Amino acid sequence: MIPVTRCYLPPLADYLSQLKPVWESGQITNNGVICRQLRELLKAHFGLPHLELVANGTLALQLAIKALGLKGEIITTPYSYVATTHAILWEGCDPVFVDIDEKNFGIDPGLIEAAITERTAAILATHVYGYPCDVKAIQAIAEKYRLRVIYDAAHAFGVKFMGQSLLDHGDCSALSFHATKLFHTAEGGAIVCRDETIARRISLMKKFGHLGEDEYLDIGINAKMSELHAAMGLAVWPQVGEIIAARREVSSWYDEGLAGSELRRPGEIAGLEYNYAYYPVVFPDHGSMMRARQALMERDIFPRRYFSPALNTLPFLKPERQRPCPVAESIAARVLSLPLFPGLDKNTVEGICGLLGARQKTVPFNGPFVGI
Ligand SMILES: *Cc1c(COP(=O)(O)O)cnc(C)c1O
């Protein structure tokens, strides 16, 4: 079976050796020696002053919303994993969906201003597949209307944009270290933020607002990362460079094998140092995507419809929140993310490309995407 992704497992001996200090200290959670080590390592690597480890990426988003004190409406993207919308709803805010730009699948800054109301508190956008949002335009709008900006950076680990970590934008960025992500701690995540007061608030909130022996300074939750999870992070960490290199190579095989097909990919983004987190392809129409998916599944190959459905169409939203987002809905109906993980062999990739190429009719495609 070939899945869309396969979790990277470090050699067991590496994980066990990372656990030694945990056993020696006798402390398996509550910001022990391993969590502190992982946090320092990530901060130094990204060159960021404030980073808090948390239990997962969804809580990272929720804590960012909570710590920034957001209330009312949050302008957000319809094209992401469902957790982006869930975090907004779970924190009692209203998602206002703004359609995406075809060039990077990110929220279209040109449509944001028209969606701003008196109740708008923030913009929550996703660097989907690791492609940068238009961070400059979003920042300009946020400054003009005094809005907060949160980035869902669950796919953005290791991405550089204009020579700088992509995480260094907005008020907060939320990372996921889930097993399926490029760098992982089995379950886990982090929040990166610029402001020290917000960072301190997050570090309190993630541990019940509890400081010292018996001081409770703020409303809190339990969003702590355990030492066992952080140890997995330390064991995976030395391999991240190779993981990205392997993904780049598999992606280049797809690029070659799909050249000339009817499939479309996001355009080149100037200044992007990419992490090869996903390999999405957009078909000419929904039918051709579903037929290709079926053909692959019959051969035990399981691409995923990342990301579908468009989040503005989720059935549990209030009807007035389900505003149409034609670009996101169209792409969600036609997209497949192809299998991509270190160890995927060239023969399999060529087989997938052959199947996809062979099943594409030469229907003229007038869409916005560049050819592969
Ligand atoms: C994976 C993911 C999340 C959720 O992260 P968890 O660690 O699984 O809670 C949030 N947003 C996006 C875009 C994701 O892909």
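Numbering of ligands and ligand atoms starts at 1, following listing order. What you see is a predicted model; the values in this text were computed from it and never measured.
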Under 3.5 Å, sequence neighbours excluded: what are the donor-acceptor pairs made by side chains of residues 3-15?
from, atom 1, to, atom 2, distance (Å)
Arg6, NH2, Met1, O, 3.0
Tyr15, OH, Leu228, O, 2.8

### Task
Please assess Leu111 against Ile100 for the test side-chain contact (heavy atoms from CB on, under 4.5 Å), listing each intermediate value before the final yes or no.
CA-CA 9 Å; Leu111 303 175; Ile100 58 172; over 6 Å; no
Output, or 'none' if empty, a list of ligand 1-protein atom pairs in which both atoms are N or O and the distance is under 3.5 Å, rounded to 0.1 Å.
from, atom 1, to, atom 2, distance (Å)
ligand 1, 5 (O), Ser176, OG, 3.2
ligand 1, 7 (O), Gly57, N, 2.7
ligand 1, 7 (O), Ser176, OG, 2.7
ligand 1, 9 (O), Gly57, N, 3.3
ligand 1, 9 (O), Thr58, N, 2.9
ligand 1, 9 (O), Thr58, OG1, 2.6
ligand 1, 11 (N), Asp152, OD1, 3.4
ligand 1, 11 (N), Asp152, OD2, 2.7
ligand 1, 15 (O), His155, NE2, 2.7
ligand 1, 15 (O), Lys181, NZ, 3.2

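Here Leu59 is tied into one hydrophobic group with Val54, Leu61, Leu63, Ile65, Leu68, Leu70, Ile74, Ile88, Leu124, Ile150, Ile191, Ile198, Ile202, Met205, Ile219, Ile221, each link being a pair of ILVMFWY side chains closer than 4.5 Å.
Tyr254 contributes atom OH, which lies 13.5 Å from atom NZ of Lys346 (distance to the nearest 0.5 angstrom).
Stacking of Arg265 on the aromatic ring of Tyr279 is recorded, both the 6.0 Å distance cut-off and the 45° axial limit being met.
Pairs engaging residues 21-36 under the side-chain hydrogen bond (donor to acceptor under 3.5 Å, both in side chains) rule: Asn30-Lys224 [sequence neighbours left out].
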